[in-house]
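Sequence positions, counted from 1, serve as the residue numbers for this chain. Atoms within each ligand, like the ligands themselves, are counted from 1 in listed order.
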Amino acid sequence: MNTRRKFLIQLAGGVGAASLLRAPAVASDGPAKVKESDPLAQALGYKHNTQDVDQEKYPRHDDSQICANCTLYTDPNAKEWGPCSSFGGRLVAEKGWCSAYARRA
Ligand code: SF4
């Protein structure tokens with residue numbers, strides 16, 4: 001492969017990677033809602049409703065733990081859906097839960 005062709009391929013790869021890195025967590029109509037099917041949500045055991053959490057898998061969970069009283073829910077006044085720093089500011093359900101839960105003091 002000649003040097004110019006190699007350079008163009010590397011450039012295209014770099015632009016693609018840069019585009020991914022700049023992909024906004026905030027769509028034009030506001031932050032996206034986290035889906036339970038998202039890979040990160042699945043890794044953290046996120047559920048929209050704390051009562052749906054697998055208690056055997058997460059024995060330290062209890063139903064009083066909800067996103068709205070988690071320190072990572074960055075807008076405590078947000079109703080129904082609010083931003084979560086564990087998910088890069090995307091929205092999680094007010095009554096949701098994940099294994100990164102940390103009760104707000
Ligand atoms: S880190 Fe806290 S606010 Fe974010 S999803 Fe988990 S429990 Fe909810």
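- Side-chain N or O atoms of Arg104 include one that pairs as donor or acceptor with a backbone N or O of Cys70 at under 3.5 Å.
- Formation of a donor-acceptor pair under 3.5 Å by the Asp38 side chain with backbone atoms of Leu40 is not found in this model.
- Shown in contact with Cys84 at under 4.0 Å from a heavy atom are these atoms of ligand 1, numbered in order with element: 1 (S), 3 (S), 4 (Fe), 5 (S).
- At least one N, O or S atom of Cys67 sits under 2.8 Å from atom 8 (Fe) of ligand 1.
- For the pairing with Phe87, the ring-ring contact (aromatic ring centres under 6.0 Å, His included) check across Tyr73, Tyr46, Trp81 returns one residue only, Tyr46.
- For ligand 1, the atoms sitting less than 4.0 Å from at least one non-hydrogen atom of Phe87 are 5 (S), numbered in the order shown with element in parentheses.
- Residue contacts with ligand 1, taken as heavy atom pairs separated by less than 4.0 Å, involve Cys70 solely via side-chain atoms from C-beta onward.
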(message) Pair Ser99, Lys57 - check side chain to side chain contact (heavy atoms under 4.5 Å, CB included), show working.
(response) CA-CA 10 Å; Ser99 58; Lys57 189 170 180 182; over 6 Å; no
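- Near Leu72, meaning under 4.0 Å from any of its heavy atoms, are these atoms of ligand 1: 1 (S).
- Of all protein heavy atoms, the one lying nearest to atom 6 (Fe) of ligand 1 is Cys98 SG, 2.3 Å.
- With Asn49 contributing its side chain and Trp97 its backbone, the two residues share no donor-acceptor pair below 3.5 Å.
- Between the Thr50 side chain and the Gln65 main chain, a donor and an acceptor come within less than 3.5 Å of each other.
- Of all atoms in ligand 1, listed by their number and element, those nearer than 4.0 Å to a heavy atom of Ser86 are 1 (S).
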